[in-house]
Amino acid sequence: MPSHREVLAAHLLEYLPTSGDTEVLAALVHGEGPLGAATAGVIAVGMGHERRRQRAAAGDALITLAARGQLPAADLGAAVASLLQAGLLKLNRVTAVLEEVVMAGAHAEVWSVLAAALPPILPRQGHRPAPGLGDLLAVAVRAAHAVGGERRPGGPRRLAARKGGSRVVEQARSLAQVVASGGSGG
């Protein structure tokens, strides 16, 4: 494999969506060289795979990069948001992977990913939330609470201000509270 991980990831983006062979992510993250948007895109595609085993490989890649302090979190958040908006990922699959990564202790990394992903995927005024958004927001609440919620995505505050008691609105309120309190809220 080339020593430039981002070049390899760009190549993988060409075939990974159709092949689904996410096991290559382990070799990618254990390699050398820079990481960026292409790597984030490959991981995001893996997170959305229909098979749990393939999603687990993406989760393992996230955990490895988090442990090494190398996760391109903002790029991953942007990739997740872009692929979700294009209808190429299912939110419940992404949420399950991020929840496993949080349970592995990578709270700060998941919060960084979600701080970048949430603003573009939160519903605008008059639009319905995506199915499964409440569960994703619950993961964001856990991650933000653990690290102090230092980043402040603006969307949850707008969503939290909505009337009603749906899971999405309740989790948006919890997230807004955690972020406002710097992580000491619940």
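Just so you know, these numbers use all the heavy atoms, side chains as well, and skip hydrogens, waters and symmetry mates. If you're wondering where the values come from, they're calculated on a predicted model, not measured in any experiment.
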Could you check whether any side-chain N or O of Arg55 sits under 3.5 Å from a backbone N or O of His49, counting only pairs where one atom can act as donor and the other as acceptor? yes
Separation between CE (Met103) and CD1 (Ile63), nearest 0.5 Å, reads 9.0 Å
Any donor-acceptor N/O pair, Glu6 side chain to Gly36 backbone, under 3.5 Å: yes
Between Arg167 and Glu170, does at least one N-O distance fall below 4.0 Å, as a salt bridge requires? no
Do you know which two heavy atoms are closest between His30 and Thr64, and how far apart they sit? CE1-CG2, 3.6 Å
side-chain contact (heavy atoms from CB on, under 4.5 Å) between Gln70 and Arg5, worked out: CA-CA 12 Å; Gln70 297 176 336; Arg5 291 184 287 185; 3.3 Å; yes
Which atoms form the tightest heavy-atom contact between Gly41 and Leu13, and what is the distance? C-CD2, 3.6 Å
Salt bridge (charged side-chain N to carboxylate O under 4.0 Å, His left out) partners of Arg52, counting only residues at least two apart: Glu100
Got Leu76 and Leu62 here, is their nearest side-chain heavy-atom distance under 4.5 Å? yes
Would you mind reporting whether Asp135 and Asn92 have side-chain heavy atoms less than 4.5 Å apart? no
If you define the side chain from C-beta out and look only at heavy atoms, does anything of Trp111 sit under 4.5 Å from Val141? no
Mind running side-chain contact (heavy atoms from CB on, under 4.5 Å) on Val113 and Leu71 for me, showing each step along the way? CA-CA 9 Å; Val113 168; Leu71 181 67; 4.1 Å; yes
Closest non-hydrogen contact found for Ala44 with Leu83 is CB-CD1, 3.7 Å
Can you check whether Leu35's main-chain N or O pairs, donor with acceptor, with Thr39's side chain at less than 3.5 Å? no
Checking Arg142 now: which residues fulfil salt bridge (charged side-chain N to carboxylate O under 4.0 Å, His left out) with it, not counting sequence neighbours? Glu99
Would you mind reporting whether His4 and Pro34 have side-chain heavy atoms less than 4.5 Å apart? yes
With a 4.5 Å cut-off on side-chain heavy atoms, are Leu175 and Leu118 touching? yes
Taking the basic N atoms (NZ, or NE/NH1/NH2) and the acidic carboxylate oxygens, is any pair closer than 4.0 Å for Glu50 and Lys90? no
On a heavy-atom basis, which atom in Ala138 and which in Gln171 lie closest, and how many Å separate them? CA-OE1, 3.2 Å
d(Ile121 CD1, Ser82 OG) to nearest 0.5 Å is 11.5 Å
With Met47, which of Leu98, Thr95, Val42 fulfils side-chain contact (heavy atoms from CB on, under 4.5 Å)? Leu98
State, to 0.1 Å, how close Gly134 and Val168 come at their nearest heavy-atom pair, and which atoms those are. N-CG2, 3.5 Å
Where Ala116 and Ala78 come nearest, the two heavy atoms and their spacing: CB-N, 4.4 Å
In this structure, OG of Ser166 is separated from CG of Leu133 (nearest 0.5 Å) by 9.0 Å
Rounded to the nearest 0.5 Å, what separation is found between the CG atom of Leu137 and the CG atom of Leu114? 8.5 Å
Val147 side chain near Val110 side chain, heavy-atom distance below 4.5 Å: no
Distance only, no hydrogens: is a donor on one side chain within 3.5 Å (strictly under) of an acceptor on the other, for Gln54 and Arg93? no
